[in-house]
Chemist: 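Submitted below is the structure of interest, expressed as structure tokens.
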Amino acid sequence: MKLTLNWLRELVELTVAADELAALLTAAGLEVDVVDERRPVWREVEVAELLEVAPHPNADRLQLCRVQRASGIASVVCGARNMQAGDKVALAVPGAVLPGGHTIGVSKIRGVTSEGMLCAAAELALDVQVVGADGSSGIMILPSAAPIGQRLVDYLGAEDTVLELGITPNRGDCLSVLGIAREVAALTGARLLPPKFRIAEERVLARSLAQLDVEASDLCPRYAARVVRGVRVAPSPLWMQTRLGLVGLRPINNIVDATNYVMIELGQPLHAFDHAHLTDGRIVVRRAGRAEMFATLDGVEQALVANDLVIADGGGAVALAGIMGGANSEISDTTVDVLLESAFFEPATVRRTARRLGVLTDASYRFERGVDPSGTALALDRATALLVELAGGVVARGRLERQARRRWTAPAIRLRPARVNALLGTSIKVDRMRKALRALGATVAAGSAGALKVVPPAHRFDLRQEIDLVEEVARLTGYDEIAPTVPAIVPAAGDAPEADDERVVREALRGEGLQEMVTLSMVAAAENATFPGLPGLGETVPITNPLSTDADEMRRSLLPGLLRALVDNERQGESLIASFSFGRAYGRGNGAGGYWEPRMIGIVMAGVWPARQIGEVERPCGFGDVKGAVETVLSALRIPAVRWGAVGDEVSFLHPGKAAQLLVEQDPIGLIGALHPDLIRERDITNEPWVAELDLQKLAQYCPRRVIFQPLPRFPAVQRDVAVVVDVGFQAQRLLDTIAEVAEPLVEEARVFDQYTGDPIPSGKKSLAYAVMYRASDRTLTDEEVNAIHQQLVEHLVQRLPVEVRR
Amino acid sequence: MKATLEALGLEIEQTLGGCTSEEELEQVRVTFLGRKGRLTEVMRGVGALPPAERPIIGELVNAIKRRVDERIESLRTEWQSAARAHALATERIDVTLPGRRSLQGHQHPLTTTLEEVTAIFVGLGFAVHDGPHIEDERHNFEALNIPADHPARDMHDTFFVDRRHVLRTHTSPVQIRVMEQTEPPVAAIAPGAVYRHDDDVTHSPMFHQIEGFLVDRGVTFADLKGVLGLFVQRMFGPETRVRFRPSFFPFTEPSAEIDISCVICGGDRFVDGQPCRVCKSTGWLEILGSGMIHPAVFAAVGYDPEKFSGFAFGVGIERVAMLKYGINDIRLFFQNDLRFLRQF
């Protein structure tokens, strides 16, 4: 919402400077975003009158003008031809600066002295339509009433301060100069100056010229109209064009400008119809009915639905109520008679239709937020008077008016002063509250039990209950006056442990050299098809109104986002991308019903680890890196036993020979492996990415919340190794599983510590070496005892497995 | 015998004098004092001496032995210390060569900022809660006093996933969820991702907020000012000034926008004579939205507004992080450019 300081001064006795005013309004909740002082450089351009226009003695294309200034007569050479003696013009006097920095001086042009320059609108960077101007070569001809000697900036009102305010949705009453003036009055005690105008009505009755019918009085509780006949449609006077320009409105013509001007001034949107185009001279306010088509004045054909409110004539719709007029009844150069509308439409109706059609106008913006229902007639009369002032014509007698039977005065609100102070933590006196509320225009009377009975003014329809008045008291006495206190907060037990899980895992992965990333939750549908996430997620969640097709579904997996970052970083020339991310996967209808958003961990690693020190060598990322990262996660969360199983065919994004699923107690909890070569090629990835995705939500369930101390062993452990030769396809875990099956009680732990292929191991075979730790809890084991047990264990292995012991 | 011994003693001394290494010393020790050493052999002859001479000669042998031992030990010590001195004088490494390091990953700046904000409120006694990102309209809007067809919905450009569910536009629905399940007193914060249908230099379709609220008997607007003033000073430094100004949120009343003195110009509005670009020369930066929880919200969760009162607030994490680190484009947080991430 923009307004100018001079405009505001017309409606309230302003006593403070612009900066102070801005601070005052901001502190009262009307945030002033911009204070823009418009001081045109061409302040030395003044109004002058042409006394004589004669040809230049030495140049065919130039004119020599004698110009009446306030200080005397000047002689000016001019190249334009659109002027004649008696015209008022804009004279840049010697010393005047024009936009672009050019300074006017006294000069000789073809031997003749020129004491200034006659200006065209464009030369002053003015975006106004000038009557009588014939193209860009013409100078600006001012109205004959323009006073000689007055500075043009003053005549136009171009020197002003524009305030831009961010008005919150509850303060529709502040979307006008009047609204801000009321606030200024309430805040400073200054006097309001209501707009002064007078309407001279002719004898012909408005109702004899037009007929009003409000069928949908529930959606249009108040409607008023006037008829003005015999107008002359033309560009508005320059001051009007200038002022509308300052507040960001484009001047159209004197009729439309008058309605826009009053909308900014009083906050009431108005609409002018060409009376000649209203079939049967009728105005019918009704619901659209089914599937009506309607062309708004911006030329767009709109499909209406039953509950859209329209203004219709005897034929069909002529306006979308409160939103935009129709092309069929628009004011044009040939308009002679005008029907001017001022109404109160239900905010929700206007909002629904405007949103659905995507037509957001200054009018709909105001109606959605609510206009003052008590100001309908006043705004209509003000606009009528202004219209006649600008465009002439005669006003038919009386207003066409309908209003719904409803209670128009706001009900009284009971305000308990003690409640105000209890909520604010203040000790504001009742008198001060009363004064603040009265300054807003509310009536305040004594109620029962020390309470106040407050009736808010009609324009403050946001004040409905006690809490609204509490806010008003706080706002008007000032938030600064409330002294801060710090309450004692009893800490609640049991924080969400999620953040702790994430913190532990994050620290562990960072220590492994992985970079944390944050990726968006929305992905392209194709990405979800490629990366369906872990089993059990249910159906995909599409976004009904995506910003783009690149992000039209909620992700099922964190991998697309991380892979995207991988590609981007590879393009930046990064040689190692080791990354992880926390985030949710999204699905629905997975049995639990509704939506399901498990927390996930994604890991993507590709490229080359740099040498850790001079003299060491760099090392490409491999399966060990991503598995190590996953093991780091598991160990950080103290997840006890996990298994690495084969993946099914449905996991098509991983290399089938380099992939595994992670199981905890048979529960699939994650996937790990190399990205499928087809995807690497498609995405133009340089280094083979190793990826993993874990369901943190599930992992957390297996995560012991307590660490329980194990007594230290009293007797030493003894290690024995066994090396076996196996087929290359043999998985190392199988032998460990067999040791576990044998379940020798003295075996404390077994692990694989080496793998070897090459001479002397035959091709197609590999050697695996295992270490087995033996320990008894009640004695030190002897060598003989351990050797015997180990020998027995090895024999078991040979019997059960296709292995050959290496001696 | 005595003369022999003395001659031998002299010989040993001379031999030792010619030694240049610890190995030679050891050789000398073995030659003279070893099991088959020459002094040892002499000592074996002591038994054949007359009893009166035995102690004298024995004493002499021991004295020579002691002297030799001491001499060897002193030479050894001297040489070792010389060797150490030599090593100290000559051994040199290039301390400017890089160390042996394992690569460390970095924490995302949004995580760091979220943790900082969270830690401050946890320290004040607030508990951390979580809620769904896909939220029903009741929790995201209606229970928060934002009815359908209300202009306040303009403040939330909303993504829909079906007719009744949206991507939550703020973390405030967690407020409703916690209050639905907890009786006052309750002090909670809810950090997390939120979504708005918007994408430019200062808006990302996904961003992060921390919602917080306190409900108890007798909680006041003065408490709101106290707690949030404390937060701002802990987050941005004790010199930070704070300003509370009236605003509008449907779920709070009275509502307050909280500004802090500009982190760049310190509220002076100018930096080196130029208007401050970060605060647009206003001296203030908007940092928090807050207010007293609206009675309609209490009604929606079944709290009695006559018995309880409370305040709520919301912090935009990206905004805090942008101010903290001087970042000018919100999209950098989600592009995951390693050159960006490594800076934190």
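In the text below, chain A, chain B and the rest are named by the order of the sequence lines, each starting its count at 1.
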Chemist: Determine, for E115(B) against R503(A), whether the closest basic-nitrogen to carboxylate-oxygen distance falls under 4.0 angstrom.
Modeler: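 Salt bridge: no.
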
Chemist: Just grab all the salt bridge (charged side-chain N to carboxylate O under 4.0 Å, His left out) pairs involving residues 211-231 of chain B, residues at least two apart or on different chains.
Modeler: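 Salt bridge (charged side-chain N to carboxylate O under 4.0 Å, His left out) check on residues 211-231 of chain B returns no pairs.
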
Chemist: Name the region of N569(A), side chain, backbone, both or neither, that has any atom closer than 4.5 Å to a heavy atom of chain B.
Modeler: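 The side chain, not the backbone.
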
Chemist: Checking D162(B) against chain A: side chain, backbone, both or neither under 4.5 Å from a heavy atom?
Modeler: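 For D162(B), backbone and side chain are both near chain A.
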
Chemist: Quick check: H197(B) with F159(B) (ring centres under 6.0 Å apart)?
Modeler: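 Aromatic pair counts; centres sit under 6.0 Å.
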
Chemist: At a 4.5 Å cut-off on heavy atoms, which part of V166(B) comes close to chain A: side chain, backbone, both, or neither?
Modeler: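 For V166(B), neither part sits under 4.5 Å from chain A.
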
Chemist: Over 60° means perpendicular and under 30° means parallel, so tell me whether H108(B) and F333(B) are parallel, tilted or perpendicular.
Modeler: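 Tilted: the ring planes of H108(B) and F333(B) meet at 30° to 60°.
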
Chemist: For I134(B), is it the side chain, the backbone, both or neither that has a heavy atom under 4.5 Å from a heavy atom of chain A?
Modeler: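 Contact with chain A: backbone and side chain both.
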
Chemist: When only pairs under 4.5 Å are counted, which of R416(A), R171(A), E466(A) shares the most heavy-atom pairs with chain B?
Modeler: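 The option with the most such pairs is R416(A).
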
Chemist: Return yes if some donor-acceptor pair links the side-chain N/O of Q515(A) with the main-chain N/O of S579(A) below 3.5 Å, else return no.
Modeler: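 No.
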
Chemist: Please rank Q465(A), E616(A), E368(A) by heavy-atom pairs under 4.5 Å with chain B and give me the top one.
Modeler: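 Maximum pair count with chain B is reached by E616(A).
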
Chemist: Among residues 189-196 of chain B, which residues come closer than 4.5 Å to chain A, judged by heavy atom distances?
Modeler: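 Interface residues of residues 189-196 of chain B: Y195(B).
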
Chemist: Any idea which of T26(A), V518(A), T519(A) has the most non-hydrogen atom pairs under 4.5 angstrom with chain B?
Modeler: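 Most pairs with chain B among the choices: V518(A).
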
Chemist: Looking at S204(B) and I330(B), would you say the former's side chain and the latter's main chain have a donor-acceptor pair under 3.5 Å?
Modeler: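 The answer is no, because no donor-acceptor pair under 3.5 Å joins these two groups.
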
Chemist: Under a 4.5 Å heavy-atom cut-off, does chain A meet the side chain of E286(B), its backbone, both or neither?
Modeler: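 When you check distances to chain A, only side chain atoms of E286(B) fall under 4.5 Å.
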
Chemist: Among V227(B), L338(B), L103(B), which has the most heavy-atom pairs under 4.5 Å with chain A?
Modeler: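 Between V227(B), L338(B), L103(B), the count favours L338(B).
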
Chemist: G166(A), G511(A), A488(A), P347(A): which one forms the most heavy-atom pairs within less than 4.5 Å of chain B?
Modeler: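 Most heavy-atom pairs within the cutoff with chain B belong to G511(A).
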
Chemist: Pick one of side chain, backbone, both or neither for L97(B), based on which atoms fall under 4.5 Å of a heavy atom in chain A.
Modeler: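 Just its side chain gets close to chain A.
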
Chemist: Counting heavy-atom pairs closer than 4.5 Å to chain A, which one of M292(B), R100(B), K280(B) comes out on top?
Modeler: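 Counting heavy-atom pairs under 4.5 Å, the top option is R100(B).
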
Chemist: Just verifying a value: how many Å separate L562(A) CG and M605(A) CE, rounded to the nearest 0.5 Å?
Modeler: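 Interatomic distance, L562(A) CG to M605(A) CE, rounded to 0.5 Å: 12.0 Å.
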
Chemist: What option among R475(A), E553(A), M517(A), E507(A) has the most heavy-atom pairs under 4.5 Å with chain B?
Modeler: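 Of the candidates given, the most pairs with chain B belong to M517(A).
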
Chemist: Identify which of H165(B), E257(B), R243(B) forms the greatest number of heavy-atom pairs closer than 4.5 Å to chain A.
Modeler: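 Counting heavy-atom pairs under 4.5 Å, the top option is H165(B).
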
Chemist: Please flag which part of L167(B) lies under 4.5 Å from any non-hydrogen atom of chain A: side chain, backbone, both or neither.
Modeler: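 Side chain only.
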
Chemist: F582(A): what forms a ring-ring contact (aromatic ring centres under 6.0 Å, His included) with it, not counting sequence neighbours?
Modeler: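 Scan of F582(A) (ring-ring contact (aromatic ring centres under 6.0 Å, His included), adjacent residues dropped) gives F580(A).
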
Chemist: Picking from Q107(B), R101(B), R163(B), H133(B), which has the most non-hydrogen pairs under 4.5 angstrom with chain A?
Modeler: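 Maximum pair count with chain A is reached by H133(B).
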
Chemist: May I ask you to check whether over 12 heavy atoms, not counting those of R464(A), lie within 6.0 Å of atom CZ?
Modeler: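 12 or below, so no.
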
Chemist: Under 4.0 Å between a Lys/Arg side-chain N and an Asp/Glu carboxylate O for R138(B) and D136(B)?
Modeler: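 No salt bridge links R138(B) with D136(B).
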
Chemist: From F213(B) CZ over to F251(B) CZ, what is the distance, rounded to the nearest 0.5 angstrom?
Modeler: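 Atom-to-atom, F213(B):CZ and F251(B):CZ are 12.5 Å apart.
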
Chemist: Using ring-ring contact (aromatic ring centres under 6.0 Å, His included) as the criterion, list what pairs up with Y479(A), not counting sequence neighbours.
Modeler: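 ring-ring contact (aromatic ring centres under 6.0 Å, His included) list for Y479(A), sorted by chain: F221(B).
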
Chemist: Select one option (side chain, backbone, both, neither) describing which atoms of R612(A) are under 4.5 Å from chain B's heavy atoms.
Modeler: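 Both parts, heavy atoms under 4.5 Å.
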
Chemist: I'd like to know whether the aromatic ring centres of Y586(A) and Y595(A) sit less than 6.0 Å apart in this structure.
Modeler: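 Here the rings of Y595(A) and Y586(A) have centres that are no less than 6.0 Å from each other.
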
Chemist: Let's test your reading of the structure: which of Q104(B), R342(B), Q335(B) forms the most heavy-atom pairs below 4.5 Å with chain A?
Modeler: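 Looking at each option in turn, the highest pair count goes to Q104(B).
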
Chemist: Look at G99(B), A148(B), P205(B) and state which one has the largest set of heavy-atom pairs under 4.5 Å with chain A.
Modeler: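 Most pairs with chain A among the choices: P205(B).
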
Chemist: In Å, rounded to the nearest 0.5 Å, how long is the span from OG of S290(B) to CG of L224(B)?
Modeler: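 The OG atom of S290(B) sits 4.0 Å away from the CG atom of L224(B).
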
Chemist: Is the backbone of G226(B) close enough, under 3.5 Å, to the side chain of T485(A) for a donor and an acceptor to pair up by distance?
Modeler: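 Not at all, since once roles are kept as given, no pair shorter than 3.5 Å links the two residues.
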
Chemist: Count the heavy-atom pairs under 4.5 Å between each of L424(A), T349(A), D462(A) and chain B, then report the option with the highest count.
Modeler: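 Ranked by heavy-atom pairs under 4.5 Å with chain B, first place is L424(A).
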
Chemist: Between P185(B) and chain A, with a heavy-atom cut-off of 4.5 Å, which part of the residue counts as in contact: side chain, backbone, both or neither?
Modeler: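 No part of P185(B) comes within 4.5 Å of chain A.
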
Chemist: Whether E597(A) and R584(A) form a salt bridge (side-chain N of Lys/Arg under 4.0 Å from carboxylate O of Asp/Glu) is what I want to check.
Modeler: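 Salt bridge between R584(A) and E597(A), a charged N being under 4.0 Å from a carboxylate O: yes.
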
Chemist: In terms of heavy-atom proximity below 4.5 Å to chain B, should R419(A) be classed as side chain, backbone, both, or neither?
Modeler: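 For R419(A), the side chain is the part near chain B, not the backbone.
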
Chemist: Which atoms of A348(A) come close to chain B, meaning under 4.5 Å heavy atom to heavy atom: side chain ones, backbone ones, both, or neither?
Modeler: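 It is both, since atoms from each part get that close.
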
Chemist: Checking the side chain of E318(B) only, and the main-chain atoms of L110(B) only, is there a donor and an acceptor separated by less than 3.5 Å?
Modeler: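 Judged by distance alone, no pair lies under 3.5 Å.
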
